[in-house]
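Here is the structure we will look at.
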Amino acid sequence: MSAIFKQELKLNLRSILIWTLTVGGLGFICILMYTSMEGEVMEMADSFSRMGAFSDAFGMSTLSIATIAGFFATEVGTVHGLGSAMFAAFFASAMLSKEEDGHTGEFLYSLPVARWKAVAAKGIAILTGLILFTLVCGAFYVLGFVCLGEEIPGEEMARFLLGMLLMNAEIASISFLVSAASAKTRMGLALGISLIIYVYDIMGRVLPSMKDWLFLGPFSVANASEIFAKMEAPKYSIPVAVCVTLAAAAGAFLVYTRKDLAS
Amino acid sequence: MEEVIRIRNLTKTYGKKRGVSEVSFEVKKGEIFGFLGPNGAGKSTTIRSMLGFLRYQAGEIRVLGMDAGKDHERILERVGYMPSEALFYPSMKVSEVIRYAADVRGKDCAAEAEKLCDRLRVDTEKKIRELSLGNRKKVSIVCAMQHRPELFIFDEPTGGLDPLVQNTFFELIREYVKEGATCLLSTHILPEVRKYCDRAAIMKEGRLIRTDTVENLIHTTAKCVNLTADSRTESYLYSGDVNDLIRELSGKRLENLTIEDPSLEDIFLHFYESGKEGV
């Protein structure tokens, strides 16, 4: 099992690095842009906070983007949220189906490894990839604050990164289930699901009638504006995210260990 | 003799599509068993059911004394399987693939792998994506043999291999079998079965139509009749009374006639053309 885990990390190392450097690097650049935009942002902050639903959707009604925390939450929060969700979907959607899609399944499963062990090894590889991604991106963001000489909001940063990790785990878990059920890699479907989930969160914040259902979406556990404004995540959002993650992972196990492998 | 593979009434369907139906045969320890049939006959379905890739609807498969449906991890520890499609992770080097297969088995197979790579002339520094089909097949052979399994299962192994490598491949099989291994060789190449196998089973449209020693399959009571009469040439297998055959032939104006023992190819074609379940 450990051989499969190591193999998966090795095979995916390049894509993990590319995604991490892209999202983390973009976040870092965004943070550095704060000082050069500080004056203009101050002027815009007031009007941005009075744009009604639009301000709500992007958290500008709860935090002022004129502050570094507010700027980080609205700008980097969006970049990291979308980028990491797409990475999670991309990474997990091929993890199981690539064996059938690339016809390597007959090689892998002719080795003495039970399918459930292969699923477990691949699932742990996804989780490890997500943790690495989150840690390195977090390091980029902390470095950004250090470069600007700003105080690092440690507690909020930790809450933000942990929330994002949980959100990524939920999206990855759903994509993993898609991967288990399909003999072809459905990367487009998984990316589509992650984008729909993002749009669901935006709509939940814009439309008053949907606010009560916001907790169902994975993005609700990791809203940077709420976290940096020291607000709680919507009620039940964390238990729902944990339950969906576990249920989708269990579904992937059940589906994959019972299906016929395509040749 | 100890049965290494025992299949009883195996039935596997893919929804409404035919897979295999009521397949029963056994492979005994120390033999090279030919599993014959054209593409789509059900050979791969039978093998994939044996290895736990497919869930079959009915029947029983025991490999090395274990239930294929429940113990496939333990079975695979003692089996070397070479699939018909020799496909690996394209970005990996040959040496990495071979080592990965050994690592998953939790074994150090370096010495045997080196010996096999040497005999099959495998370039271990190349990336998989740079390899031709024949070279990928060689990597597949090394992965199937390096742990010195008790049972080899080869699914169409020689396609893409040059004649020299084919020869080395069969030499290796014979050496391992001499040391106590057993081999199931699935193929549609009849000379391979005739030359290397002790017994063979013939599959047709998802059903097993004959299992026998290769010797018996060739030296059947049936005769291959080739004749030219009234400017028409005919060739068929005849398994009835020879006197009846002579009487039947005497009514024709023969230009040419040979009656001989049929080749394995003749018998195989006979099964496929006539649909008979026995000669």
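Keep in mind that what you see is a predicted model, and the values were worked out from it rather than measured. Quick note on labels: first sequence line is chain A, next is B, and so on, each numbered from 1.
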Does B/Arg121 have more than 12 heavy atoms from other residues, nucleotides or ligands lying within 6.0 Å of its CZ?
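No, CZ of B/Arg121 has 12 or fewer neighbouring heavy atoms, counting only those of other groups under 6.0 Å.
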B/Lys115 atom NZ: more than 12 heavy-atom contacts under 6.0 Å
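Atom NZ in B/Lys115 is crowded, with more than 12 foreign heavy atoms closer than 6.0 Å.
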Contact part of A/Lys10 toward chain B, heavy-atom cut-off under 4.5 Å: side chain, backbone, both or neither?
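The side chain, not the backbone.
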Test side-chain contact (heavy atoms from CB on, under 4.5 Å) applied to B/Glu85 and A/Glu106, step by step
CA-CA 8 Å; B/Glu85 285 186 315; A/Glu106 292 225 14; 5.8 Å; no
Is a salt bridge present between A/Asp260 and B/Arg48, judged by a nitrogen-to-oxygen distance below 4.0 Å?
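Salt bridge absent between A/Asp260 and B/Arg48.
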Heavy-atom distance under 4.5 Å between the side chains of A/Leu11 and B/Met92, does that happen here?
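SC-SC contact between A/Leu11 and B/Met92 confirmed.
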Residue pair B/Tyr89 / A/Gln7, side-chain donor-acceptor N/O under 3.5 Å:
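Per modelled atom types, B/Tyr89 and A/Gln7 side chains form no pair under 3.5 Å.
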Determine which residues belonging to residues 95-108 of chain B lie within contact range of chain A, meaning some heavy atom pair is under 4.5 Å apart, and list them by number or answer 'none'.
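The residues closer than 4.5 Å to chain A, in numerical order, are B/Glu96, B/Val97, B/Tyr100, B/Ala101, B/Asp103, B/Val104, B/Arg105.
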Using a cut-off of under 4.5 Å for heavy-atom pairs, which of B/Leu51, B/Ile153, B/Leu87 has the most such pairs with chain A?
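Winner by heavy-atom pair count: B/Leu87.
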Return yes if some donor-acceptor pair links the side-chain N/O of A/Arg115 with the main-chain N/O of B/Phe53 below 3.5 Å, else return no.
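Confirmed, A/Arg115 side chain pairs with B/Phe53 backbone.
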Approximate separation, where rounding is to 0.5 Å, of A/Thr257 OG1 and B/Arg55 CZ
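Taking OG1 in A/Thr257 and CZ in B/Arg55, the distance rounds to 7.5 Å.
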B/Glu73 CD to A/Trp116 CH2 distance, which is reported to the nearest 0.5 Å
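Answer rounded to 0.5 Å: 8.0 Å.
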